[in-house]
Structure formats: C-alpha cells, structure tokens
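The block underneath contains the structure these notes are about, expressed in structure tokens.
Residue numbers begin at 1 in each chain, while the letters A, B, ... track the order of the sequences. Keep in mind that the numbers below use all heavy atoms, side chains included, and drop hydrogens, waters and symmetry copies.
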Number of protein chains: 2
Amino acid sequence: MDTIPDPARRDTSGNRDSLHQRIMRDIEQRILSAEWMPGDRIPSEQALTEQYGCSRMTVNKALTQLAQSGLILRRRKTGSVVKRQDTRTAILAIYDVADEVKSHGLTYRYTICERLQRHPTMQETTCPGFREKEALLALTVLHLADDEPFCLEERVISLSAAPDAAEESFADLAPGAWLLNHVAWTSGEHRISAESSNARVSKLLKVTKGSALLVVQRLTWRQGEPVTRVRLNYPGHQHRLTADFTPIQGLRPNS
Amino acid sequence: MDTIPDPARRDTSGNRDSLHQRIMRDIEQRILSAEWMPGDRIPSEQALTEQYGCSRMTVNKALTQLAQSGLILRRRKTGSVVKRQDTRTAILAIYDVADEVKSHGLTYRYTICERLQRHPTMQETTCPGFREKEALLALTVLHLADDEPFCLEERVISLSAAPDAAEESFADLAPGAWLLNHVAWTSGEHRISAESSNARVSKLLKVTKGSALLVVQRLTWRQGEPVTRVRLNYPGHQHRLTADFTPIQGLRPNS
DNA sequence: CAGTGGTCTAGACCACTTC
DNA sequence: AAGTGGTCTAGACCACTGT
C-alpha cells in the first residue's frame, strides 16, 4: 500500500522529531487534509508497527495521544477510526489584566477605589457558593491603560480561604495577582456576558450610561470552598476576547 | 519516607484504574491539595519506580501526562518540579445554537431571513481573510427558542471552499450544522465582544435599540483558506457563556 | 562526570468486542 | 474464537544539563 516513509528511523546527524511524534503528525496530517475522513479506519497498531518498522509501544504512544487530543476514536476489535469533527471546544485564555494591558504596549496602573469587610449579601448566599455570615473582603479596583480606564474589577475574597488578605494593602500587587501567589485553587468557572453599564460603573470607566459592557465573571474554589469571586467590566467597544481553536483539543502549539 | 501505597499492584478482582493512572492521580492530588507547592521537586522516575514497585515506563507515562496537562515541569538533571499556577487557560464550549436551545428544554426553530450571493465588501477584504472578488454566500438566520428570538446569525460562506452551498436551501439543516457535515476545517478563531444593538438587529431580535448584545464571531479556515465567518448576536440579558477550568489543562473529565 | 529524563525494543498477558 | 487495543516489564542507549 503505502511506501515506508523513512526506512532509516534514526538519522545519525539531525533527528529532530521522535518517532512516535512523527507517526502522530503523519496521521494528524492525513486527517486534517481530509485524506482520511470521519469514520475511516486507521491502520491497526500491528499494521503501523510494520509500516514504520518499530515496536508496538511506539505506535501505541502516537495513537494514544491522538485519541487524547480528540482526533480519533479507539475501539477494540474494530480498530481506530477518525472522529467526527466538532466546533464545540475552544481554548480561551483570560489573562491577568496587567499582562493584557502590557501586551498591548500600554502602561499599566491600578487604583483601589473601594475596600470594605462585610458579610455575604442576600444575593451572594442564594447564588454561587458563599456561606452565610462568612467574613468577606470586597474590593473595587480600577485598571488603567495609559492612564485611561480599561477595566473595572469588583472582587470579593473569602477571608476564611485567604486570611492574610485582611492585612494586605495590595499597594504593590493587585488583588488578582496577589491571590494567585498566596492561595492555591483547584477549580474555577468563567461566565461571560454582555450588560448595559449602570451609573456607578459608567462613572468609574468614563463611559456613557447604558453602553454595552463585556462582563467576565470568574469564580475560584479551593477544595470546594469558594476563594474569590471577581467581576471584570470591560467597555464593550474596546475589548474583545479571542480564542483560537483547531480540531485538535488540548494544548496549543504557542504555549 | 512514604509508605508504599499498595504493594499488590493488581487486584485479581476489581482493578479499576491502571497503575500509571493511579500514579498520576496520586501526584495530581498532592499538588492540588497544596501538599506539594510550586517549585517543589517531584521524586525522580527512579524513586517512583521503587515506590510503586513497577517499571520506569509506567512512571514515565504518568509524569509525561502530568507535564502535558501543565501541572509539572520536567527538566533533565534537576528533575521534575511542580509548576506555578496560572489562571490563564480555560476551555470554552461554544455549542451549536440548536443544541444550546434544546439543552435548555426549549423548542428550537430557525428561519432564513436573508440570502444573497455577493463579493467581499471593503471591510471584509481589509480585515480577516477573504480575497477580493471571491464569490460569497451571505445568510441571515434567526434562531428561535419557544418561538421567541434567541440569536441572530449573520454568516458569510466562501463558495470556493464550499461550492455546494450555492445550491443548498438550508431548509432541513441550518447553515452551521450543514457546513460542519460538508466541509472539513483545520483551524478557527472565536472573538467575543459586547456591542450595542443597531436598528436592524434590534428589530429582528425584538430588543430595544442600543441594548447590550453578546457577540460571538467565529472564523473558520481550511488549510489557510477561509471557509466561513459567522457572527452570533445574543441578547445580553438572557445569554451567558460559561467555561469551567482547573489547573489541569486539556480534556475535561465530563467530556 | 553523574543524574535525570526521552525514547525505544521485544516480548508478554489481559480485556473487550464483534464474529 | 479471533482481532484489537490497554497495559506492563526489564532492560537499553542517548541527550541534556548542572556540578
């Protein structure tokens, strides 16, 4: 059938890729070029072992990775097949606001507009995960790019998860970055929505009242206990989240 | 140091996990529970081989997966260490509109509001990827949930990438689903923003003019050639994108 | 130089699934 | 029963990197 791609597996001089990587990319390429369509059968491990003149472990490693990245389905007896394409998943990077501003080549600065310790509001106890009567630290932070308002951050920190936060001034490090360095988290959730800006947010962000805001809410837990809840309000006209995606799930090449 | 977790590697009866999976989860658990903090050294493959009484390949498989999922860093000579946590990546699922509506338990319906063949506008040639004078099919589709407007889709299809689309009525299958079944793609991009609705969109979605819209733009390429560009306008008050995330990059457990 | 990970082999046994 | 993938072993050689 196919010619053996390269009988000499190992160049004595410049061997860039490992063999299992090359097998993986060969198959990946045939799938992405639509040479092998969804449902088509992929040669068995035995067949690939002969084709590449290597051991089964090496082939297995390649196919296992392809299965993990969502390109193929593996079934016993019937063999592996190309998986149906699906646009559903994309990897979305939501950066730290400071990194985001600096990546645009602008100067970054922030100010703490408001800071108070309080207990959960009615809304907070009903909605996500904060317990009643828990001590919370509420912060409002304005992030500026070239001294113009860029993003308004409304954050609530659980003082049971991060007791040190009560004594922290956040003068040198914004609360988001500080938390990342001081408290470990085990799971999180992003909620992205569009809202019309209210009077308070409009004033701080210097946008007209009622204009569209892109709102990113992030909730973070540590072993099931809420750590922090943050709401990032971006003026809709100037901000945009982007997410590249490929049929290959998992890690991006530009990581 | 540590007790050997389970000297008998293989239960004769109920062995649920493979050994490399268990090693992986053991280490993962210690990292997520903050027992091992960022920068801490992970036992060498040799040490783990002895701890678990297995071969090095098995340990290697576990550590390789942990490295791929972004939990650890592997370096020769110095060994593997726990990686610094990072909130940047999240997996975002952007579903087909029909699936999305049905998942809320509502009835789904769509209507094609507008359809025309045209060439790229000035804006399109300057911005993303459509060539000049290419034949395009432009569609406006209104998606309804329980017969109420749910999302307005503005789509442009490249007729060189999908020639069959010119003859297709899209009566049985909405353009998005039709394309997924008929044209393979190799890369894509999502752009998420918030905008105030203009007169045309407001009228079709039955929202007040100027209200906040969540706008999801999706661009799809096939081998560098643009396939389709779609703009999904959701009324901001009723829609929200959510994305769960963990320190573990890659596949979600609920896939 | 010595420690560590990166890769590979040539077998082996088992589990699952379809025939 | 037979084909296929899932896992594991006990070695091996090499590449990289810090001391």
Could you tell me whether the side chain of B/R84 reaches within less than 4.5 Å of the side chain of B/V82, counting heavy atoms only? no

Assess whether a salt bridge exists between B/R30 and B/E28, defined as any Lys/Arg side-chain N lying under 4.0 Å from an Asp/Glu carboxylate O. no

Per nearest nucleotide of DNA chain D, the residue lying toward the 5' end, A/L63 or A/M57, is A/L63

In whole Å, what is the span from the CD1 atom of B/I72 to the C1' atom of C/dT4? 13 Å

Is B/S18 near enough to D/dT7 that one of its side-chain N or O atoms lies under 4.0 angstrom from OP1 or OP2? yes

Report yes if a side-chain nitrogen or oxygen of A/R75 is closer than 4.0 Å to either non-bridging phosphate oxygen (OP1 or OP2) of C/dC16; otherwise report no. no

Contact between A/I248 and A/L32 at the side-chain level, heavy atoms closer than 4.5 Å - yes or no? yes

Side-chain N,O (A/R74) to OP1/OP2 (D/dT4) below 4.0 Å: no

Tell me whether the count of non-hydrogen atoms from other residues, nucleotides or ligands lying under 6.0 Å of NE2 in B/H104 goes above 12. no

D/dT9 phosphate, OP1 or OP2, under 4.0 Å from B/T58 side-chain N/O: yes

Rounded to whole Å, the CD-C1' distance (B/Q21 to D/dC8) equals 14 Å

Nearest to the B/S80 side chain among D/dG6, D/dA10, C/dG5, which nucleotide is it? C/dG5

Quick one: B/R41 CZ to D/dG18 P, roughly how many Å, whole number? 13 Å

Measure from CZ on A/R22 to C1' on C/dG6 and round the result to the nearest Å. 17 Å

Would you kindly give the CD-to-C1' distance between B/E45 and D/dA10, to the nearest whole Å? 15 Å

Can you tell me how the ring of B/W178 sits relative to the ring of B/F170, calling it parallel under 30°, perpendicular over 60° and tilted otherwise? perpendicular

For B/I23 and D/dC8, give me the distance from atom CD1 to atom C1', rounded to whole Å. 11 Å

Base D/dG6 to side chain A/R56, donor-acceptor N/O within 3.5 Å cut-off: yes

note: B/K77, atom NZ; C/dG5, atom C1'; distance rounded to Å ~ 12 Å

Separation of A/L73 atom CG from C/dC16 atom P, in whole Å? 18 Å

Closest to the A/T78 side chain: D/dA10, C/dT18, D/dT4? C/dT18

